[in-house]
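Just below is one structure, and these are the notes that go with it.
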Amino acid sequence: MFALRGKQKEVAEDVLERASFILGDPDQPGLLDDDRRAVFIVTGGAGTGKSAVGLELKAEFEAAGRTVKYASGSRAFNGALQEHVGYGDKEFKESFAYFSNFVTPPEPPLDVLICDEAHRLRDRTTNRYLPAERQGTKPQVDELLDASRLTVFFLDGSQTVRPNEVGTVNLIENAAKARGIVPARHELTDQYRCGGSDGYVRWVRDILGLTGDEPRTWTPDGLMHVEVADSPEELERIIRAESEAGASARMVAGFCWPWTKPRGKGKGRWLEADVRIGDWHQPWNADSGSWCENGTVPPSKIWSVNPAGINQIGCVYTAQGLEWDWCGVIMGEDMVRRDGQWAFRRGKTRKDPETGAKRVAVPGSFDPRLRWKNLSEEDFARCIRHAYHVLMTRASRATVLYSTDEETQAYLKEVVGDVQIHGLRPTWDNLPPIARVPHLSRPTGKRNRSRNRKTKQKQTHPGQRRLF
């Protein structure tokens with residue numbers, strides 16, 4: 001259920017209105033092929049509701065009988081939606097795709113292709129695991145434009161975290177104009193994540209050096225709670241306590257430790273505790289498409305939404321596009337404070353003589369996507385900043401920070417200032433009555449899917465429209 005508000009609603013209505021002119025009546029196809037096309041570009045920062053608008057459009061177009069795909073560049077984002085919303089419905093799952101799925105355009109073209117997180121577009125669709133016929137030979141943005149008659153791109157330039165991510169407004173505009181299409185532009189600005197706190201988002205961008213403005217001490221605004229834990233043990237205790245109190249919560253970290261694939265064989269495969277800070281050891285989320293440790297550790301694509309995910313540490317690639325009430329963020333030594341400036345480091349590994357697992361020899365970044373020899377220091381720093389920007393804007397109620405570097409930890413305490421709870425911790429006692437209503441139980445069995453879901457909207461609460 002999503003209730004679109006303000007600019008979100010305006011964007012959805014504009015796309016739907018223009019679609020009626022471009023796509024015509026699905027029940028009365030024309031005698032001749034119609035090659036009219038339209039492109040929409042919707043920009044907005046983290047938490048401005050891009051995905052909410054995209055999912056609403058998906059539901060509306062499907063209800064009208066259009067052929068629709070919802071694509072992204074994130075396996076974790078797609079997996080979370082399929083698992084947490086689709087409830088195993090095969091037709092629903094198949095309506096989600098990846099940018100790399102359109103090397104060969106569908107025939108006839110889709111009516112609508114919704115491209116979420118379009119900042120993650122690649123220059124080409126290439127993958128060493130794909131056969132030759134599935135390797136792209138032209139820009140990925142052109143493949144997406146070929147795939148549908150109406151294409152909607154949602155993107156945020158502050159969330160490019162890999163050097164080969166090229167999705168920008170200019171890239172999409174130029175590709176559309178080369179086809180004679182003038183894209184319609186929209187910008188979402190109202191903040192709905194981070195407690196709706198624009199101040200918190202600005203503060204994060206300032207302290208990470210993304211704005212050029214001098215960071216100020218955090219001023220509690222009654223919308224977002226921020227604190228700095230004194231140790232990883234304390235950070236874990238806080239996050240687990242809030243999870244047990246009923247909040248959604250996860251721990252995430254910068255990619256500052258090697259990442260070992262599940263070890264062993266079969267269902268009993270187990271995770272190496274790669275994230276090591278002193279005597280505190282925890283595993284990354286499973287780098288696996290199946291369950292591990294006899295069904296107690298979820299696959300990476302549903303780590304964000306499965307309750308057992310609280311027992312592993314996520315990174316930017318499994319957190320991007322998602323959110324929780326509480327998020328514990330561990331800053332490693334890929335980004336440290338030195339002489340009033342940020343310094344960025346690349347790490348080196350060593351082999352543990354007892355286990356054979358890789359361990360940290362030189363602290364820094366261990367992100368394999370940032371270890372290219374030809375990656376400039378400027379691009380390396382940009383990707384690290386953006387990664388922490390993503391991690392620090394995943395929470396809707398509270399962010400708990402901790403740095404493994406002593407000087408950086410001191411800096412975080414300085415810019416956070418005195419901790420004031422303000423009743424924001426979502427323990428059961430201080431939750432408002434409306435928030436104590438339990439989630440609906442997960443349906444079982446195969447569901448009948450109505451072609452036209454608009455008749456179901458009468459069952460929803462006022463101001464809400466049913467998505468699926």
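Only a predicted model underlies this, so the values are computations on that prediction, with no experimental measurement involved.
Residues S95 and E62 have side chains in contact (heavy-atom distance under 4.5 Å, counting atoms from C-beta outward). The side-chain heavy atoms of V68 and D111, taken from C-beta on, include no pair separated by under 4.5 Å. Considering only heavy atoms from C-beta on, S288 comes within 4.5 Å of P262 through its side chain. At a threshold of 4.5 Å between non-hydrogen side-chain atoms, the residues D221 and W203 do not count as touching. Put simply, the side chain of V152 reaches to within 4.5 Å of the side chain of V15, judged on heavy atoms. Looking at heavy atoms from C-beta onward, V112 lies out of side-chain contact with R149 at the 4.5 angstrom threshold. Looking only at side-chain heavy atoms (C-beta outward), R269 and R263 stay at 4.5 Å or farther from each other. Looking at R205 and D213, their side chains never come closer than 4.5 Å, going by heavy atoms from C-beta outward.
With hydrogens and angles ignored, the 3.5 Å screen pairs no side-chain donor or acceptor of N174 with any backbone N or O of K177. A side-chain donor-acceptor contact under 3.5 Å links R385 to the backbone of L208. Side-chain atoms of Q159 never come within 3.5 Å of backbone atoms of V390 as a donor-acceptor pair (strictly under, hydrogens ignored). Not a single donor-acceptor pair under 3.5 Å links the side chain of R397 to the backbone N or O of C327. Checking side-chain atoms of Q312 against main-chain N and O of A308 turns up a donor-acceptor pair under 3.5 Å. A donor-acceptor pair under 3.5 Å links the side-chain atoms of E293 to the main chain of L271, judged by distance alone.
For residues 131-183, no pair satisfies ring pair (Phe, Tyr, Trp, His ring centres under 6.0 Å), with sequence neighbours left out. Residue pairs that meet the ring pair (Phe, Tyr, Trp, His ring centres under 6.0 Å) test with at least one member in residues 298-318, sequence neighbours left out, are W303-W324.
The two atoms that bring R394 and L322 nearest to each other are NH1-O, 3.0 Å, heavy atoms only. Looking at every heavy atom in both residues, I239 comes nearest to G328 through CD1-N, 3.5 Å. For P163 against L370, the heavy-atom pair with the smallest separation is CD-CD2, 3.4 Å. Closest of all the heavy-atom pairs between G196 and L223 is O-CD1, 3.9 Å. Here the closest non-hydrogen pair linking L150 and A19 is CD1-CB, 3.5 Å. Residues I302 and P298 share a closest heavy-atom pair of CG1-CB, 4.0 Å.
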request  = Using the side chain to side chain contact (heavy atoms under 4.5 Å, CB included) rule, take V39 and L145 through it: C-alpha gap first, then chi angles, then the decisive distance, then the call.
outcome  = CA-CA 8 Å; V39 174; L145 291 172; 3.6 Å; yes
inquiry  = Run W291 and N306 through side chain to side chain contact (heavy atoms under 4.5 Å, CB included) and show every step you take.
reply    = CA-CA 11 Å; W291 288 80; N306 188 278; 3.3 Å; yes
query = Passes side chain to side chain contact (heavy atoms under 4.5 Å, CB included), V53 versus V42? Steps please.
reply = CA-CA 10 Å; V53 176; V42 183; 5.9 Å; no
key: Derivation and outcome, side chain to side chain contact (heavy atoms under 4.5 Å, CB included), residues L188 and H186   = CA-CA 7 Å; L188 298 172; H186 288 285; over 6 Å; no
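Judged as a salt bridge (charged side-chain N to carboxylate O under 4.0 Å, His left out), and not counting sequence neighbours, the contacts of D287 are K261. Considering only residues two or more places apart in sequence or on other chains, D14 meets the salt bridge (charged side-chain N to carboxylate O under 4.0 Å, His left out) condition with R18. In this structure, Y402 has no side chain to side chain donor-acceptor pair (under 3.5 Å) partners at least two apart in sequence or on a different chain. A search for salt bridge (charged side-chain N to carboxylate O under 4.0 Å, His left out) contacts involving K7 returns E10, not counting sequence neighbours. S243 pairs by the side chain to side chain donor-acceptor pair (under 3.5 Å) definition with nothing, not counting sequence neighbours. With sequence neighbours excluded, no residue forms a side chain to side chain donor-acceptor pair (under 3.5 Å) with R5. Annotation: side chain to side chain donor-acceptor pair (under 3.5 Å) contacts of E236 (sequence neighbours excluded): R240, W280, Q282. A search for side chain to side chain contact (heavy atoms under 4.5 Å, CB included) contacts involving K138 returns D142, E143, D146, not counting sequence neighbours. With sequence neighbours left out, the salt bridge (charged side-chain N to carboxylate O under 4.0 Å, His left out) criterion links R185 to E173. F61 meets the ring-ring contact (aromatic ring centres under 6.0 Å, His included) test with no other residue; sequence neighbours excluded.
H225 and E227 share a side-chain donor-acceptor pair at under 3.5 Å. Between the side chains of T399 and Y200, at least one donor N or O lies within less than 3.5 Å of an accepting N or O. Using modelled atom types and a 3.5 Å distance limit, the side chains of R37 and T151 yield no donor-acceptor pair. One side chain, T125 or Q140, offers a donor N or O that lies under 3.5 Å from an acceptor on the other. With 3.5 Å as the limit, one finds a donor-acceptor pair spanning the side chains of T160 and H386. In summary, the side chains of N285 and S300 do not present any donor paired with an acceptor at a separation below 3.5 Å, with no hydrogens or angles considered.
A distance of 8.5 Å separates SG in C256 from CE in M331, rounded to the nearest 0.5 Å. One finds the NE2 atom of H119 at 12.0 Å from the OG1 atom of T43 (value rounded to the nearest 0.5 Å). Separation of atoms OG1 (T393) and CD (E323) is listed at 10.0 Å; rounding is to 0.5 Å. Here the CZ-SG distance, from F344 to C383, works out to 10.5 Å after rounding to the nearest 0.5 Å.
Ring geometry, F255 versus W284: the interplanar angle falls from 30° to 60°, so the pair is classed tilted.
Between F96 and Y70, the ring center distance clears the sub-6.0 Å criterion.
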